[in-house]
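Sequence lines set the chain letters: A, B, ... in the order given, protein chains first and strands last, and positions in each chain run from 1. All values below come from the heavy atoms of this structure, side chains included, with hydrogens, waters and symmetry mates left out.
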Amino acid sequence: MKERIVADVSRLSLHGTGSASTTWWGTLGFMLIEATGFALAIAVYLYLMSIAATWPTDAPAPDLLPGTLVALILIASVLPNYLVSQWAEREDLRKVRIGLVVMSILGMVPLIVRAFEFYALKVSWDTNAYGSIVWILLGLHTTHIITDLADTFVLAALMYTRHGRNRRRLGDVQDNAMYWNFVVVTWLPIYGCIYWIPRL
Amino acid sequence: MRDGETKRDVRDTDVDRPALEAALARIWNTPEGLWGALATVDHKIIGRRYIITAFVFLALGGVLAMLMRLQLAQPEARVLGPDRYNQIFTMHGSNMMFLFAVPVMEAVGVYLVPLMVGTRNIAFPRLNAFSYWIFLAGGALLWISFMLDMGPDVGWFAYVPLSGPQYGFGKRADIWAQMITFTELSALAVSVEIVVTILKQRAPGMSLDRIPLFVWSMLVTSFVVIMAMPAIMIASSTLILDRLVGTHLFNPAEGGDVLLWQHLFWFFGHPEVYIIFLPAVGMVSTMTATFARRPVFGYLAMVMALIATGILAFGLWVHHMFVTGLPRLGESFFTASSMAIAIPAGIQVFCWLATLWDGKPIFKTPLLFVIGFIVTFVIGGLTGVMVASVPFDTQVHDTYFVVAHFHYVLIGGAVFPLLGAIYYWFPKITGRMMSESLGRWSFWLIFIGFNMTFFPMHILGLQGMPRRIYTYQPDMPWHGLNLFVSVSSLILVAGFLLFFFDAIRSARRGLPAGDNPWDAPTLEWATSSPPPSFNFAYIPVVKAANPLWEQPDVLAVAGGLRINSRELIISTVAAAEPEARETSPRNSIWPFLAAVATTVMLIASIFTPWAVVWGSIPLAVALVGWFWPKGTPEDES
């Protein structure tokens, strides 16, 4: 077939940000998958509760302190996270580097408290179905904190190398910040499920 | 200088056509040899490999079916013992559903979607490569276990408590559950790639109302995968947890529930059949248009029907549980929804019929398979509406009536369109035509053989023959029909063997096809057969829904992309206006290495939960290696 050039795309910028970036959409797709998984896990919790004689089964309601602390720490982390994302959008590399180091440290704090949270559940995963589902819910969310934190570590290291001064890498920083928001937001319904439904 | 440019940047408009093709080939080609095979990120190479692998699994599943038919041809036969038979029907179902049907549909999408939307590669090409290796590993896990007499034997749906820790001895059920993890991971990855490719990498001008119907079907399917597969991931993972570390999700004695398994499984399991069916529907629309010589009648209705099917698919799952003792009112809802989904399917059938009626049909082999699909799928749909009724299903649940129903809708609804699609797109993939006369023979043998094999199963079911029995007594009235079914299946097999023979022979000796042997309207036919590694020398620009029919001699294209690095166009979601250029990754060995690390971790975790902890370290290393920039032009921009 003969071709006829009818458009010139050479003036388009290289690597869009936000909805013009494929990795942004990929992150959204991943968020949709994980959100569906979380929603199903909460549905399993509610299902098991609906067929249980007593709930929680053979266990007290979980201790509120560690879980609430994690919720507060995560909510507090949204502000520095937002700032890192803004600095990345403005391509301020120096601030992004500092911000990623802060987020790396900040991301470890909820994990430390989370370790205590598993004890605060006051039931083991192999005691009964109630114990199993609360450990599964908590474990699912913990996995997400760990993987996003690992991503943050790698990005922090990367932004200090010569590869850092690059719009694609700054886009990666923004996507990672978006995913951290997702980690925070998904904690809230799971927190409500584990800690407050037994108290209703 | 323009944004992101260096002094050495060369644009496609700076050179003449032969130099352009040479330059693009230099940066987009996959080198020959082992490294090229392991490191390629070319969606066409990966798609082809996926399709071939899926067809190998189809053949293996067919062998399992023939073993079952051999055993059931006579009452109290001794060809297969009960344990082997249990493994075989479990393998047949699991293999066909997880290793053939879903992957082959994804694979055809992986190959065709980037070409049909006019881009150079699928989105996230390395993830695409990774997903193939993971799929292969899952298939190998299942089949090697079967060869070692460790194959799962609990049915393709692995109901608890049979598959649970109390009754499911050994590691058989864990093999099944982890195979699920592999195949679902693979499908989820491909689905995200397809969604992003379709939404963001379409050719300028290809607005939403100009997207080919096959592409729409892959878009809807991908969303169904994303929303449905987490359910079975959770189910299979919690099954492993129950078996390995003592959780009690499915243990009624400690507050768990066996029906919870069924809900989780079928919440995925019903959308699963639409994941298989919807791409086939897209293929049918494509072939109908080409061979009716006119666009499909009712484009908007067809798109709405696809979307409606995708959404309704999530509201049917309890019809697999009608005899579990659930409340009657709840079951009635699912009767209504299961019947309702026949409406969008019916709309599509009428649109295809209208297209053929109003067109000037050319009855080449692909169209024969389309017509075979319409007849067979409609019959299956009729029995579907029958089993949607609770009282009727109470009679026929777990009998051969259901076996007949789902083979009619699966083979009619998915395999027939797939075979037609292979005849249709084989010329594009290989540059050669398959044989038209062998195609006719293959079609009629398969169509007649299929109906002779599966129609009698409706009667056997009504006569009370249960599913999953390894033999039956001579005083049951089932011998005659079972023998008839078994002999008829030889006709079906002959048709498939002829198809495979034709495909293998034509790949080397078929007639050269040229760019567009069918005079079809969609963009994949605007490039050579097979397409070059870079798909199109210039990205096409589209002004209408059937570009090659509206402007047959000249292809409108966009210029200005760089040719010293891999580059493609990002366009807006609705109107497909170009909004950015984007680089596309080069070949990389890291997806393969990451797949090896993932495989080791997942298989080891069948045996110990600590595998997840220790196995995540090499996986993390592989992922860092994958994403760490390598200093290529694409990384540095």
Side-chain angles (χ1 to χ4, degrees), chain A residues 1-17 19-23 25-26 29-30 32-41 43-44 47-48 51-53 55 57-58 124-133 135-136 146 150 154 158 161-163 166-169 172, chain B residues 2-4 11 13 123-124 188 191-192 195-196 199-201 204 226-227 229-231 233-234 238 241 245-249 251 254-257 260 263-264 515 526 537-539 541 553-561 569-570 573 578-583 620 624 627-629 635-637:
Chain A
M1 276 189 96
K2 283 201 343 266
E3 290 131 348
R4 189 176 66 234
I5 296 180
V6 301
D8 174 20
V9 296
S10 58
R11 301 227 164 266
L12 289 176
S13 61
L14 190 58
H15 309 319
T17 55
S19 69
S21 149
T22 51
T23 45
W25 285 91
F30 191 62
L32 187 57
I33 294 170
E34 300 303 305
T36 307
F38 280 129
L40 284 166
V44 170
Y47 179 92
L48 290 172
I51 60 171
W55 192 266
T57 314
D58 291 340
S124 174
W125 70 85
D126 57 358
T127 305
N128 52 36
Y130 162 74
S132 304
I133 191 59
W135 272 78
I136 287 171
I146 293 175
V154 173
L158 188 55
T161 67
R162 64 182 170 92
H163 302 292
N166 177 317
R167 201 196 255 173
R168 276 196 90 172
R169 304 284 83 80
D172 291 342
Chain B
R2 282 165 289 200
D3 177 31
R11 306 267 168 171
T13 39
F124 315 123
L188 282 166
S191 296
V192 173
V195 168
V196 178
L199 291 184
K200 297 305 294 177
Q201 286 185 204
I226 287 171
M227 307 291 287
M229 291 214 171
M233 277 284 229
I234 288 184
T238 48
L241 286 175
V245 301
T247 51
H248 294 285
L249 281 181
N251 177 8
E254 291 288 2
D257 188 34
L260 175 61
H263 281 297
L264 281 172
D515 289 4
Y538 299 95
I539 300 288
V541 172
D553 305 310
V554 180
L555 183 68
V557 298
L561 288 181
I569 296 179
I570 302 293
V573 172
E579 59 178 352
R581 293 174 292 131
E582 186 57 83
T583 53
V624 172
F627 287 108
W628 199 267
D635 281 332
E636 301 307 328
S637 75

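- When each of D172(A), I133(A), D58(A), N128(A) is scored by its heavy-atom pairs under 4.5 Å with chain B, the top score falls to N128(A).
- Only the side chain of I569(B) comes within contact range of chain A, with heavy atoms under 4.5 Å apart.
- Proximity to chain A involves both the backbone and the side chain of V245(B), based on heavy atoms less than 4.5 angstrom apart.
- For T13(B), the part lying under 4.5 angstrom from a heavy atom of chain A is the side chain only.
- Looking at A52(A), there are no atoms closer than 4.5 Å to chain B (heavy atoms on both sides), in backbone or side chain.
- Contacts with chain B were tallied for T36(A), I136(A), T161(A); T36(A) has the most, counting heavy-atom pairs under 4.5 Å.
- Heavy atoms of S124(A) lying under 4.5 Å from chain B are absent altogether.
- Taking T238(B), I234(B), D257(B), N251(B) one by one and counting their heavy-atom pairs under 4.5 Å with chain A, the maximum is reached by D257(B).
- Note that CD of E254(B) and OG1 of T57(A) are 9.0 Å apart. Values are rounded to the nearest 0.5 Å.
- With a 4.5 angstrom heavy-atom cutoff, I51(A) touches chain B only via side-chain atoms.
- Nearest heavy atom pair, residue E3(A) against residue A537(B), reads OE2-CB, 4.3 Å.
- Heavy-atom distances place both the backbone and the side chain of I226(B) under 4.5 Å from chain A.
- For M227(B), the parts lying under 4.5 angstrom from a heavy atom of chain A are both the backbone and the side chain.
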Audit row: V192(B), I33(A), side-chain contact (heavy atoms from CB on, under 4.5 Å) steps and yes/no: CA-CA 9 Å; V192(B) 173; I33(A) 294 170; 3.8 Å; yes

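- Side chain of W25(A) to main chain of L199(B): no donor-acceptor pair is present (N/O by atom type, distance under 3.5 Å, no hydrogens or angles).
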side-chain contact (heavy atoms from CB on, under 4.5 Å) evaluation trace for L249(B) with L48(A): CA-CA 8 Å; L249(B) 281 181; L48(A) 290 172; 3.3 Å; yes

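- Counting only heavy atoms from C-beta outward, the side chains of W628(B) and V154(A) approach each other to under 4.5 Å.
- Only the backbone of D553(B) comes within less than 4.5 Å of a heavy atom in chain A; its side chain stays farther off.
- Between V9(A) and L561(B) there is a side-chain heavy-atom pair separated by less than 4.5 Å.
- Note that CH2 of W125(A) and CG of L241(B) are 10.5 Å apart. Values are rounded to the nearest 0.5 Å.
- Side-chain atoms of Q201(B) and T22(A), non-hydrogen and from C-beta on, do get closer than 4.5 Å to each other.
- Residues T583(B) and H15(A) meet the side-chain proximity criterion, which asks for heavy atoms closer than 4.5 Å.
- Taking each heavy atom of A7(A) and V541(B) in turn, the nearest pair found is CB-CG2, 4.3 Å.
- Taking CD of E582(B) as the start and OG of S21(A) as the end, the distance is 6.5 Å to the nearest 0.5 Å.
- Looking only at distances, a side-chain donor or acceptor of S132(A) sits under 3.5 Å from a matching main-chain atom of H248(B).
- Remark: E34(A) CD to M233(B) CE distance equals 8.5 Å, nearest 0.5 Å.
- Only the side chain of I570(B) comes within contact range of chain A, with heavy atoms under 4.5 Å apart.
- Looking at every heavy atom in both residues, G256(B) comes nearest to A129(A) through N-CB, 3.4 Å.
- Contacts between V554(B) and chain A at a heavy-atom distance below 4.5 Å involve backbone atoms as well as side-chain atoms.
- Between chain A and the options S191(B), G560(B), A231(B), A526(B), the largest number of non-hydrogen pairs under 4.5 Å is found for G560(B).
- Taking 4.5 Å as the limit, some side-chain heavy atom of L158(A) sits within range of a side-chain heavy atom of P629(B).
- Once rounded to the nearest 0.5 Å, the distance linking CZ of R169(A) with CZ of F627(B) reads 10.0 Å.
- Both the backbone and the side chain of P578(B) come within contact range of chain A, with heavy atoms under 4.5 Å apart.
- Note that CG of L260(B) and OH of Y47(A) are 6.0 Å apart. Values are rounded to the nearest 0.5 Å.
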